[in-house]
Amino acid sequence: MRLSRYFLPVLKETPREAQIVSHRYMLQAGMIKQASAGIYSWLPLGFKVLRKIEEIVHQEQQRAGHIPMLMPTLQSADLWRESGRYDAYGPEMLRIRDRQDRDMLYGPTNEEMITDIFRSYVTSYKDLPLTLYHIQWKFRDEMRPRFGVMRGREFLMKDGYNFDLTKEDALHAYNRHLVSYLRTYERMGLQAIPMRADSGPIGGDDTHEFLVLAETGESEVFYDGEITDLKFGDRAIDFDDHAACAAVLEEFTSRYARTDETHDEALFNQIPEERRRTARGIEVGQIFYFGTKYSDAMGALVDDGKGGKVPVHMGSHGIGVSRLLGAIIEASHDDKGIIWPEGVTPFHCGIVNLKQGDAEADAACEAIYDSLTALGLEPLYDDRDERAGAKFGTMDMIGLPWRITVGPRGLKNGVVELTSRRTGESEELPPADAVARIAKIYQGIA
Ligand code: ATP
Ligand code: MG
């Protein structure tokens with residue numbers, strides 16, 4: 001993409017309404033525009049990152065054997081009356097009436113709808129196990145929408161639902177989700193710590209929240225400092241292997257890690273003092289096992305192969321896709337702007353032309369642009385007729401992890417400059433070598 005032809009409305013002044021850095025930078029970098037309280041338009045740069053995050057979520061869900069689909073945002077109130085949640089949900093639910101006077105709602109979550117789909121088609125244990133998921137907009141009329149996309153009213157969520165014959169199988173689905181979430185967040189450059197949580201209005205026994213540590217997080221968290229040394233990394237795992245998934249769950253959840261909702265001071269104090277940590281965290285996902293709560297209420301039964309009919313065991317599993325943009329920026333920025341991890345960056349590399357209009361500099365930039373593009377990478381070429389300082393300022397704000405700077409002086413010696421956004425370190429090298437370096441960095445990522 002050439003910046004002169006892109007739509008990147010970078011703001012010069014600091015937006016006053018933003019209380020936390022991710023919100024401020026998302027506005028300044030021209031990623032989002034507020035439409036009304038807690039509701040945002042996704043401008044091209046923000047939309048690009050949102051899509052990248054979605055793509056990672058899709059890939060990791062499908063790696064775990066979960067099946068993508070799409071349910072609507074608007075739902076009929078009748079399904080929610082069946083489960084009893086239409087009255088229970090309260091003012092966070094946006095209730096709508098259509099022209100036929102039917103009660104509708106903008107879905108805050110989808111347990112009812114997926115259970116209805118399941119009961120309409122599945123009648124036999126032979127069709128289990130089954131896990132369906134979608135990535136869809138949700139609406140919750142939050143009392144205090146704030147912090148930009150972190151606590152919106154309209155927000156994008158991955159929500160998945162498992163259907164299993166037995167509790168044991170459903171707990172395997174739970175473990176499988178925990179494992180797949182670990183890799184999902186790591187690919188976004190995040191460490192998200194699973195913490196024992198409270199099940200709240202969804203109801204159920206087993207639940208973990210995934211929290212990213214950040215000063216601006218809304219939850220107070222307590223954990224054993226050893227936890228931050230754990231890394232899932234690139235391990236191969238067979239998602240059908242119950243014991244293997246259970247072992248990973250054990251590894252990542254056996255040390256103390258809880259939010260203030262479930263915190264137990266006595267248990268916490270059993271950790272050696274030097275390892276006790278108190279911090280703040282951003283909830284980026286949650287997994288639940290809730291058994292037969294919805295299948296009982298809504299009659300989602302299968303024949304069990306022994307002549308009987310039994311309600312299926314279920315769980316639901318959410319990832320805050322749009323909130324993740326804020327969480328990633330909170331975890332990765334400096335005072336000049338965003339620093340995108342390579343896994344989610346909107347463009348792989350910036351190209352800055354120090355002397356637009358200089359025949360040699362222009363040609364060198366074009367050549368680098370073409371080489372990167374031919375390798376399947378997406379560069380952002382700042383080809384505007386602007387001062388170098390302004391070009392660097394834009395690149396730093398929008399946070400591309402790598403920048404190639406091209407100018408007549410370097411070209412005389414046959415070199416360009418390759419700069420890391422994270423460390424600020426620069427290196428001079430021939431253009432072809434800079435391209436090769438970028439290609440190598442993104443091997444296995446882009
Ligand atoms: P919270 O406690 O932050 O209100 P929740 O526990 O009610 O969230 P879940 O039902 O677990 O939310 O939804 C799954 C994920 O969706 C959450 O982990 C979070 O990342 C994201 N999410 C929930 N509410 C919002 C919101 N208002 N804006 C953006 N993302 C949200
Ligand atoms: Mg939650």
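As the structure lists them, so they are numbered: ligands from 1, and atoms in each ligand from 1.
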Within-cut-off N or O pair, S322 and ligand 1, under 3.5 Å | no
Is there any N or O on E209 that sits under 3.5 Å from an N or O of ligand 1?
-> no
K138/D159 ion pair, N-O < 4.0 Å | yes
Return the number of protein N, O or S atoms with a distance to the Mg ion (ligand 2) smaller than 2.8 Å.
-> 2
Would you mind running through ligand 1 and noting each atom that sits below 4.0 Å from a heavy atom of V284?
-> 18 (O), 20 (O)
Who gets closest to atom 5 (P) of ligand 1 by heavy atom: E261, R153, K138, R140?
-> R140
Pair S83-E112, side-chain donor/acceptor within less than 3.5 Å | yes
Partners meeting salt bridge (charged side-chain N to carboxylate O under 4.0 Å, His left out) with D78 (sequence neighbours left out) | R81
Which word best sums up how the rings of H313 and Y289 line up, parallel for under 30°, tilted for 30 to 60°, or perpendicular for over 60°?
-> parallel
Residue list, salt bridge (charged side-chain N to carboxylate O under 4.0 Å, His left out) with R384, at least two apart or on another chain | D382
How would you list, by chain and number, every residue that makes a salt bridge (charged side-chain N to carboxylate O under 4.0 Å, His left out) with D169, sequence neighbours excluded?
-> none
Side chains of L94 and L105: does their closest heavy-atom pair fall under 4.5 Å?
-> no
How are the rings of F163 and F118 set relative to one another: parallel (under 30°), tilted (30 to 60°) or perpendicular (over 60°)?
-> parallel
Of E142, E283, K158, the residue with the heavy atom nearest atom 2 (O) of ligand 1 is E283
For this output row, return yes or no: ring centroids of F155 and W137 closer than 6.0 angstrom.
-> no
Pair H66 + H177: ring centers closer than 6.0 Å = yes
Shortest non-hydrogen contact from E154 to Y106?
-> OE2-OH, 3.3 Å
Nearest-option assignment for atom 24 (N) of ligand 1, heavy atoms, candidates F147, F210, F155 = F155
Consider every N or O of G285 and every N or O of ligand 1, then say whether any pair is closer than 3.5 Å.
-> yes
Near V149 (heavy-atom distance under 4.0 Å), the atoms of ligand 1 are 29 (C)
May I ask you to check whether G318 has an N/O atom sitting below 3.5 Å from an N/O atom of ligand 1?
-> no
With respect to atom 1 (P) of ligand 1, which of H317, R151, E92 exhibits the smallest heavy-atom separation?
-> R151
